[in-house]
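Working notes, structure below.
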Amino acid sequence: GQQLNQSPQSMFIQEGEDVSMNCTSSSIFNTWLWYKQDPGEGPVLLIALYKAGELTSNGRLTAQFGITRKDSFLNISASIPSDVGIYFCAGPYFGNEKLTFGTGTRLTIIP
Amino acid sequence: NAGVTQTPKFRVLKTGQSMTLLCAQDMNHEYMYWYRQDPGMGLRLIHYSVGEGTTAKGEVPDGYNVSRLKKQNFLLGLESAAPSQTSVYFCASSQLQGLPFDEQYFGPGTRLTVT
């Protein structure tokens, strides 16, 4: 299947800091998705991007669909304790029937 | 609405034992999926279904079987468990709406350990 590589794999930050993470693919995607997984829960969709160059916000989260269509970026501003979790990028393939997920970025907030 | 539910939440099996994981959704979704999540590997698709009575293989189907006898339920079976199947299993569902993307809704997961 298609591979999505996320970086960094993990982040340790202090509350209030801004966070940036990215996702790259060897293939072109027409849709980019960002999911968050809280500890002990299933992933939940945060943001969906449908157009190259698109910039979309959801509260303190902002995601961008890369111009090449092979990458996407997620920024979190002024992090708070509830931002802790694993962030996954994902993209649909085979029409919209299936998703391929990135390897995840684990965010930890240091007290 | 309960959304997507999974049973059991935790299970420990011995090598060679069999078990079935149950996924249920009350959103009348057509599509259902089973994923496994392993450290550093994200979520990988095991099997999926595009409607009642249909199933299809995903990325890592070996050692698993599935059935979708009712629209709201999707069962994942392990006939002879192996330690390599130790993982967290997630079920998801989505509705085909003709949009650029149909959001997948995930259950809370089942943590399976095979000793």
query = Between A:Ala48, A:Gly40, A:Pro43, A:Gly42, which has the largest tally of heavy atom pairs under 4.5 Å with chain B?
reply =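 When all of A:Ala48, A:Gly40, A:Pro43, A:Gly42 are compared, A:Pro43 has the most.
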
inquiry  = Give the interface residues of residues 102-111 of chain A toward chain B, defined by a heavy-atom separation under 4.5 Å.
reply    =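 Expected list: A:Gly102, A:Thr103.
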
query = Is B:Glu79 atom CD crowded by more than 12 heavy atoms from other residues, nucleotides or ligands, each under 6.0 Å away?
reply =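 No, not enclosed.
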
inquiry  = Does atom CD (B:Glu52) have a neighbourhood of more than 12 heavy atoms from anything else shown, all under 6.0 Å?
reply    =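 Atom CD in B:Glu52 is crowded, with more than 12 foreign heavy atoms closer than 6.0 Å.
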
If two hydrophobic side chains count as joined below 4.5 Å and joins carry through other members, does [X] share a cluster with [Y]?
{"X": "A:Leu4", "Y": "A:Trp34", "value": "yes"}
{"X": "B:Phe90", "Y": "B:Leu45", "value": "yes"}
{"X": "B:Val66", "Y": "B:Met32", "value": "yes"}
{"X": "B:Leu76", "Y": "B:Phe74", "value": "yes"}
{"X": "B:Tyr89", "Y": "B:Val4", "value": "no"}

ask   = Contact part of A:Gln37 toward chain B, heavy-atom cut-off under 4.5 Å: side chain, backbone, both or neither?
value =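 Only the side chain of A:Gln37 comes within 4.5 Å of chain B.
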
request  = Report yes if the side chains of B:Gln104 and A:Tyr35 come closer than 4.5 Å at any heavy-atom pair, otherwise no.
outcome  =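 Heavy-atom side-chain distance check passes, below 4.5 Å.
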
ask   = Can you tell which of B:Tyr35, B:Tyr105, B:Phe106 has the highest number of heavy-atom pairs within less than 4.5 Å of chain A?
value =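 Winner by heavy-atom pair count: B:Phe106.
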
inquiry  = Under 4.5 Å side-chain heavy-atom separation, chaining through any Ile, Leu, Val, Met, Phe, Trp or Tyr, what else clusters with B:Leu22? Say none if it is isolated.
reply    =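 Grouped by the 4.5 Å side-chain rule, B:Leu75 form the rest of the cluster around B:Leu22.
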
Out of curiosity, [X] [atom1] to [Y] [atom2], how far, rounded to the nearest 0.5 Å?
{"X": "A:Lys98", "Y": "B:Tyr31", "atom1": "NZ", "atom2": "OH", "value": "11.5 Å"}
{"X": "A:Leu99", "Y": "B:Ser94", "atom1": "CG", "atom2": "OG", "value": "8.0 Å"}
{"X": "A:Leu33", "Y": "B:Glu103", "atom1": "CG", "atom2": "CD", "value": "9.0 Å"}

Side chains of residues 108-115 of chain B: which donor-acceptor pairs under 3.5 Å do they make with residues two or more places apart or in other chains?
from     : atom 1 : to      : atom 2 : distance (Å)
B:Thr110 : OG1    : B:Pro8  : O      : 2.5
B:Thr115 : OG1    : B:Leu13 : O      : 3.4

ask   = Relative to chain A, which segment of B:Leu43 carries a heavy atom at a distance below 4.5 Å: side chain, backbone, both, or neither?
value =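 Interface part for B:Leu43: both.
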
key: Heavy-atom proximity to chain A below 4.5 Å, by part of B:Gln6   =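 For B:Gln6, neither part sits under 4.5 Å from chain A.
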
query = Which residues pass the side-chain contact (heavy atoms from CB on, under 4.5 Å) test with A:Asn75, sequence neighbours left out?
reply =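 Here the qualifying residues are A:Ser20.
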
